[in-house]
Amino acid sequence: MNKKKVNVLLFFLLSILWLSACQTEQTQTSPPVKEKTENKEVVAGILAQDSFVENIGWLSDSEILSVQNDDDLSSLYIYNLYDGSNKKIYGIPSSFVSASISPDKKKILIHSAPASYSARVTIIDRAGEVLFQEDIPSYELTHSWNQFNDNALLMTSFSEDWSFQVFHIDVEEGTMDSIEVEQPFVQWQSKSSILFQDWNKEEISVAAPLVSQNIQGGGKEMIVDTSVHFNQFKDSLLSIFSREEEGPFAYQFITANGKIQSEFTVDLLSRYSDWLIPHYDMIEGKGQLITFVANEQGSFDTYSGTFSLEKWDTVSGGENVLFEDLPLEPIQCSPNGDYCLYGNQLEKVIDLTDSTIIQLLKEEGADL
C-alpha cells in the first residue's frame, strides 16, 4: 500500500516537472516583445545663415539635401535632421543654378552655368560620384524625372527667342537624344510615353487638352479634354480644370486605367493671363496631397487674404485643414509624410503630426 502511494506521488511530481518544462520552453520560443520606438524630433538651427543658399529636398525620412557656399564655391551637403550631422558630397565648379532629386532618392541633378547661354547638366549619386554630365547651349532649362524608370529624364532647352528642343536622357547609357515633341513642358506618363498640354498656337487660352505621346513612335491620344494644370504622379494623374469659365476649379485624380479616383473643389486666384495654382506636394506612399488653398476669392495681384494648408486623401476623398492661416510658400514633404520642408528656400520644417513649425536656420549669435 505504501509502495502504491509512493508511485502515485512520484507520478504526480514528474507531471508537474514536465508541465513546468513545457511552459519554460514555450516562453523561450515566443517572439520577444518589441521595444517602444523612441520618438525622434527635428533639431532646430542646424543650418548656418552666412553660408546657406537653399535646401533642395528629401533624400530619406530623416535626411535632406542642402546647398551651402564654401569660399565662393557652392557645395551639396546631406544633413540629418534628427542629430544635426552633415556631410559634404559634391562641390559645384561653375555657377550653381538649381538642383533636384530623383524619385528613387538615389540620384541628384545639378544645373550649373559655366558661361552665358550655356548650361551644364551633371547627375551624381548620393556619394557624389558623377554618373552623367553634358553641356547644352541654353538660355533656360526645365526637366522632368521619370518615376517609372529611375534612369530616364526629359530635358527642355530654351533659346533666347524661346524656341526649344526636348531631349531624352538615359543616365545608365550615358546618352542624350533629341525627340520630336510639339510642346516644351512635358512629363512622363509611363516608361516610354509622355504627357503635355496641346496648346492652340493661334489663340490665347488658359486651358488646353491634355494628350499622351509615345516617344518611341505613334500618334497623340487625348487623356483629358481641358486642363489648366496637370501633374503625373506614380499612382495617379492630377488634372485641374473648371466646369465654368470663372470657377470653381476641380482637382481631379485619375488612375492609370482612366478611372476618376477622387475630386476636390476650390476657388483659385486669378492672374493677368492665367490662374494661380498654390504650392502643393504629394505624399506618394499614402496618396495624400498637401496643398495651400486661398481662403477668399479674388485676384492674386491684389489679394490680402490668407491661405489654409490642407491635407487631401486622394484615395478616400477625405480632407482636413492643417493650418488656417499660413504664408503661401513652397512645400515639399518627406517620404513617410511626417514632415514637410517649407519656405522660399525650404528653410523651415512643418511637423504634420502636431502642426508645429521648426526653423532650420541658426539664429544670429546663437550656439548650436
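By convention here, the first residue in the shown sequence is residue 1.
Contacts classified as ring-ring contact (aromatic ring centres under 6.0 Å, His included) and involving residues 176-225 (residues at least two apart or in different chains) are given here: F158-F185, H168-W188.
Note: the hydrophobic cluster containing I78 also contains I110 (ILVMFWY, side chain heavy atoms under 4.5 Å, direct or indirect links). L268 and Y303 sit in two unconnected hydrophobic clusters of ILVMFWY residues. Membership requires side-chain heavy atoms under 4.5 Å apart, directly or through other members. Linking Ile, Leu, Val, Met, Phe, Trp and Tyr residues whenever their side-chain heavy atoms come within less than 4.5 Å leaves V97 and I92 in two separate clusters. F132 and I136 fall within the same hydrophobic cluster, where Ile, Leu, Val, Met, Phe, Trp and Tyr residues are linked whenever their side-chain heavy atoms come under 4.5 Å apart, directly or through other members. Cluster annotation: V67 and L360 are assigned to distinct hydrophobic clusters (Ile/Leu/Val/Met/Phe/Trp/Tyr, side-chain heavy-atom contacts under 4.5 Å, transitive).
We find the NZ-CG distance between K191 and N151 to be 10.5 Å, quoted to the nearest 0.5 Å. In this structure, the separation between CG on L276 and NE2 on H229 is 10.5 Å, given to the nearest 0.5 Å. Going from atom CD1 of I290 over to atom CD1 of I350 covers 9.0 Å, rounded to the nearest 0.5 Å. How far OG1 of T265 is from CD of E319: 9.0 Å, rounded to the nearest 0.5 Å. One distance of note links CG of L341 with CG of L81; it measures 7.0 Å at 0.5 Å rounding. Between the CD1 atom of I215 and the OG atom of S193 there is a distance of 8.5 Å, given to the nearest 0.5 Å.
In this model, no donor atom of one side chain and acceptor atom of the other lie less than 3.5 Å apart for D150 and S102. Side-chain contact annotation: N231 with Y280, donor-acceptor N/O pair under 3.5 Å present. A side-chain N or O of S51 and one of Q68 form a donor-acceptor pair less than 3.5 Å apart. Of the N and O atoms on the side chains of N295 and S308, at least one donor lies less than 3.5 Å from an acceptor on the other residue. A donor and an acceptor atom, one from each side chain of S74 and N69, are located under 3.5 Å apart. H143 and T156 share no donor-acceptor pair across their side chains, judged by distance under 3.5 Å alone. For the residue pair N55 / S66, a side-chain donor-acceptor distance below 3.5 Å is found, with atom types taken as modelled.
In this structure, S100 and W145 have side chains that are in contact, with non-hydrogen atoms separated by less than 4.5 Å. In this structure, the side chains of M282 and S236 come closer than 4.5 Å at one or more pairs of heavy atoms. Within the 4.5 Å cutoff, the side chain of N80 has no heavy atoms near those of the I64 side chain. Using a 4.5 Å heavy-atom threshold, the side chains of F167 and I179 count as separate. Contact annotation: the side chain of I108 approaches that of I89 to within less than 4.5 Å [non-hydrogen atoms, C-beta and beyond]. Taking the side chain as every heavy atom from C-beta outward, V293 and V321 never approach each other to under 4.5 Å. In this structure, E54 and L346 have side chains that are not in contact, with every pair of non-hydrogen atoms separated by 4.5 Å or more. A heavy-atom distance below 4.5 Å is not found between the side chains of E63 and K87.
The two atoms that bring M222 and V211 nearest to each other are CA-CG1, 4.0 Å, heavy atoms only. The shortest heavy-atom contact between V228 and V206 is CG1-O, 3.3 Å. Contact detail for S355 and L322: the closest heavy-atom pair is OG-O, 3.6 Å. A pairwise comparison of heavy atoms in L141 and A119 identifies CD1-CB, 3.5 Å as the closest pair. The two residues N336 and D338 have their closest heavy-atom pair at OD1-N, 3.0 Å. Pairing each heavy atom of V43 with each of G84, the nearest pair is CG2-N, 4.5 Å.
With ring centers used as reference points, W162 lies under 6.0 Å from Y139. Remark: aromatic rings of W312 and Y251 are close, center separation under 6.0 Å.
Side chain of S334 to main chain of Y339: a donor-acceptor pair is present (N/O by atom type, distance under 3.5 Å, no hydrogens or angles). At least one donor-acceptor pair under 3.5 Å links the side chain of Q213 to the backbone N or O of E180. With hydrogens and angles ignored, the 3.5 Å screen pairs a side-chain donor or acceptor of W58 with a backbone N or O of Q332. At least one donor-acceptor pair closer than 3.5 Å links the side chain of S262 to the backbone N or O of T314. Without hydrogens or angle criteria, Y82 side chain to S85 main chain gives no donor-acceptor distance under 3.5 Å. Under a 3.5 Å cut-off, the side chain of Q49 and the backbone N or O of K362 do form a donor-acceptor pair. Between the side chain of E347 and the main chain of Q345, a donor-acceptor pair closer than 3.5 Å is present. In this structure, S138 contributes its side chain and E140 its backbone to a donor-acceptor pair below 3.5 Å.
Evaluated for a side-chain hydrogen bond (donor to acceptor under 3.5 Å, both in side chains) with S212, the options E221, Q189, Q232 yield exactly one hit, Q189. The only option from D125, V130, L65 that meets the side-chain contact (heavy atoms from CB on, under 4.5 Å) definition with Y90 turns out to be V130.
Within a 6.0 Å radius of CG in D72, other residues, nucleotides and ligands contribute 12 heavy atoms or fewer. Counting heavy-atom neighbours within 6.0 Å of K88 NZ, excluding the residue itself, gives a total above 12. By the 6.0 Å contact criterion, CG on N200 is enclosed, its count of non-hydrogen atoms from other residues, nucleotides or ligands being greater than 12. Annotation: Q133, atom CD; neighbour count of heavy atoms from other residues, nucleotides and ligands within 6.0 Å is above 12. In F300, the CZ atom is not crowded: 12 or fewer heavy atoms of neighbouring residues, nucleotides or ligands sit closer than 6.0 Å.
Between F233 and F253, the ring planes are parallel. Angles under 30° get that label, and only those over 60° would be called perpendicular.
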List the steps and the verdict of side chain to side chain contact (heavy atoms under 4.5 Å, CB included) for V42 and D351. CA-CA 9 Å; V42 171; D351 186 338; over 6 Å; no

Take L153 and N146 through the side chain to side chain contact (heavy atoms under 4.5 Å, CB included) test and state the conclusion after the steps. CA-CA 6 Å; L153 298 94; N146 188 339; over 6 Å; no

Which is it for V121 and M155 under the side chain to side chain contact (heavy atoms under 4.5 Å, CB included) test, yes or no, and what are the steps along the way? CA-CA 10 Å; V121 177; M155 179 77 63; 3.8 Å; yes

Please test L210 against T226 for side chain to side chain contact (heavy atoms under 4.5 Å, CB included), starting from the C-alpha separation and ending with a verdict. CA-CA 6 Å; L210 183 61; T226 183; over 6 Å; no

When you look at S75 and D70, which way does the side chain to side chain donor-acceptor pair (under 3.5 Å) test go after all the steps? CA-CA 7 Å; S75 298; D70 295 333; 3.1 Å; yes

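When the salt bridge (charged side-chain N to carboxylate O under 4.0 Å, His left out) test is applied to K107, the partners found at least two apart in sequence or on another chain are D104.
A salt bridge links E263 with R243: the closest approach of a Lys/Arg side-chain nitrogen to an acidic carboxylate oxygen falls below 4.0 angstrom.
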